[in-house]
*Asks:* 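Below: one structure in structure tokens.
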Amino acid sequence: MNCQPKLFLFLRRERMRQYGECLHACPSGYYGMRGTEINMCSRCRIDDCEACFSKDFCTKCKLGFYLHKGRCFEKCPEGFAPLEDTMECGEGCEVGQWSEWGTCARRNKTCGFKWGLETRTRHIVKKPPKDTIPCPTIAESRRCKMAMRHCRKGGSGKGHRTKDQKKKSNKQRLRLRAQNQHSDHLASIRAGQ
């Protein structure tokens with residue numbers, strides 16, 4: 001029941017008998033545990049584990065199981081995806097926090113309808129190592145009640161006009177009025193002749 005210092009003692013059972021073997025490496029389902037007097041092969045205590053590093057850390061799972069953080073799973077935990085080539089659970093896509101809900105609108109208008117849609121988004125913070133792992137939704141919309149059901153006369157419902165837009169509109173209105181006054185003046189001169 002003794003082995004040379006670099007070898008591991010593996011106890012094998014056959015029915016009622018137990019046999020000791022000295023091995024360079026422990027067999028599948030066992031790990032090597034070095035001690036002060038003897039090195040032993042100890043059984044992996046993790047379900048569905050084929051090879052382990054210690055009693056509670058698996059390095060290879062049995063066929064049909066995925067390795068994730070030293071444990072074996074039939075399906076990978078949420079946020080992780082199965083990598084078939086290595087039979088491991090790979091990190092999934094990581095997304096940021098949702099933005100605030102946007103303005104309630106319909107057909108690019110913020111008025112003129114009773115109901116509209118508002119949208120919020122989030123960004124992909126970390127892409128998965130492989131394209132086989134899909135990212136969760138990064139935009140979502142929901143139904144909302146419009147703040148103004150009726151648009152003001154002449155309003156497009158696209159929001160407030162900027163100062164530059166107001167100036168341009170005033171200039172156009174003044175130019176049109178001046179042209180009309182000039183046309184009226186010319187018409188009165190011709191009529192007087």
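By convention here, the first residue in the shown sequence is residue 1.
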*Asks:* Only counting residues at least two apart or in another chain, list the ones meeting side-chain hydrogen bond (donor to acceptor under 3.5 Å, both in side chains) with Arg142.
*Replies:*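 side-chain hydrogen bond (donor to acceptor under 3.5 Å, both in side chains) list for Arg142, sorted by chain: Glu118.
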
*Asks:* Could you give the distance from CZ (Arg120) to CD (Glu100), rounded to the nearest 0.5 Å?
*Replies:*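 With rounding to 0.5 Å, CZ (Arg120) is 9.0 Å from CD (Glu100).
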
*Asks:* List the steps and the verdict of side-chain contact (heavy atoms from CB on, under 4.5 Å) for Arg13 and Tyr19.
*Replies:* CA-CA 6 Å; Arg13 284 194 183 176; Tyr19 299 95; over 6 Å; no

*Asks:* Could you give the distance from CE (Met146) to CG (Leu117), rounded to the nearest 0.5 Å?
*Replies:*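 Nearest 0.5 Å value for the CE-CG distance: 9.5 Å.
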
*Asks:* So among Cys72, Cys61, Cys58, Cys44, which one has a disulfide bond (SG atoms under 2.5 Å apart) with Cys49?
*Replies:*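 When disulfide bond (SG atoms under 2.5 Å apart) is applied between Cys49 and each of Cys72, Cys61, Cys58, Cys44, only Cys58 qualifies.
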
*Asks:* Assess whether side chain to side chain donor-acceptor pair (under 3.5 Å) is satisfied between Thr110 and Thr103, documenting all intermediate values.
*Replies:* CA-CA 8 Å; Thr110 58; Thr103 305; over 6 Å; no

*Asks:* Got a donor-acceptor contact below 3.5 angstrom from the Ser28 side chain to the Glu50 backbone?
*Replies:*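 Flag set: sc Ser28 to bb Glu50 pair under 3.5 Å.
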
*Asks:* The test is side-chain contact (heavy atoms from CB on, under 4.5 Å); show your working for Cys26 and Tyr31 and say whether it passes.
*Replies:* CA-CA 6 Å; Cys26 295; Tyr31 67 97; 5.9 Å; no

*Asks:* So Met40 and Phe8, side-chain contact (heavy atoms from CB on, under 4.5 Å) or not? Walk me through it.
*Replies:* CA-CA 5 Å; Met40 294 281 299; Phe8 293 97; over 6 Å; no

*Asks:* Which residues satisfy the ring pair (Phe, Tyr, Trp, His ring centres under 6.0 Å) test with Tyr30, sequence neighbours excluded?
*Replies:*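 Counting only residues at least two positions away or on another chain, Tyr30 forms a ring pair (Phe, Tyr, Trp, His ring centres under 6.0 Å) with Phe10.
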
*Asks:* Could you go through Leu7 and His24, starting from their C-alpha distance and side-chain angles, then the distance that decides it, and tell me whether this counts as side-chain contact (heavy atoms from CB on, under 4.5 Å)?
*Replies:* CA-CA 5 Å; Leu7 300 178; His24 287 284; 3.3 Å; yes

*Asks:* Can you tell me how far the NZ atom of Lys75 sits from the SG atom of Cys89, to the nearest 0.5 Å?
*Replies:*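 With rounding to 0.5 Å, NZ (Lys75) is 12.5 Å from SG (Cys89).
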
*Asks:* Distance from Arg34 atom CZ to Asn39 atom CG, nearest 0.5 Å?
*Replies:*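 These two atoms lie 5.0 Å from each other.
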
*Asks:* Tell me whether Arg71 contacts the main-chain N or O of Asp47 through its side chain, where contact means a donor paired with an acceptor under 3.5 Å.
*Replies:*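 No: the side chain of Arg71 does not pair with the backbone of Asp47.
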
*Asks:* If every non-hydrogen atom of Leu83 is compared with every non-hydrogen atom of Gly90, which pair is closest and at what distance?
*Replies:*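 That would be CD1-CA, 3.7 Å.
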
*Asks:* For the residue pair Arg122 and Gly96, what are the closest heavy atoms and their distance?
*Replies:*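 What the structure gives for the nearest pair is CD-O, 3.5 Å.
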
*Asks:* Can you measure from CD1 (Ile46) to SG (Cys52) and round to the nearest 0.5 angstrom?
*Replies:*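 Output value for this atom pair is 6.0 Å.
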
*Asks:* For Lys114, give me all partners under side-chain contact (heavy atoms from CB on, under 4.5 Å), at least two apart in sequence or on another chain.
*Replies:*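 Once residues adjacent in sequence are excluded, the partners of Lys114 under the side-chain contact (heavy atoms from CB on, under 4.5 Å) criterion are Lys145, Arg149.
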
*Asks:* Between NE2 of His68 and CZ of Phe80, what distance do you get to the nearest 0.5 Å?
*Replies:*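 Rounded to the nearest 0.5 Å, the NE2-CZ separation comes out at 4.0 Å.
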
*Asks:* Between Ile38 and Leu11, is there shared hydrophobic-cluster membership here, with clusters defined by ILVMFWY side-chain heavy atoms closer than 4.5 Å?
*Replies:*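 Yes.
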
*Asks:* Among Arg17, Gln18, Arg12, which one satisfies side chain to side chain donor-acceptor pair (under 3.5 Å) with Glu14?
*Replies:*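 Going through the options one by one, the only one that passes is Arg12.
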
*Asks:* Around atom CZ of Arg43, are there more than 12 heavy atoms from other residues, nucleotides or ligands closer than 6.0 Å?
*Replies:*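 Incorrect, the count does not exceed 12.
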
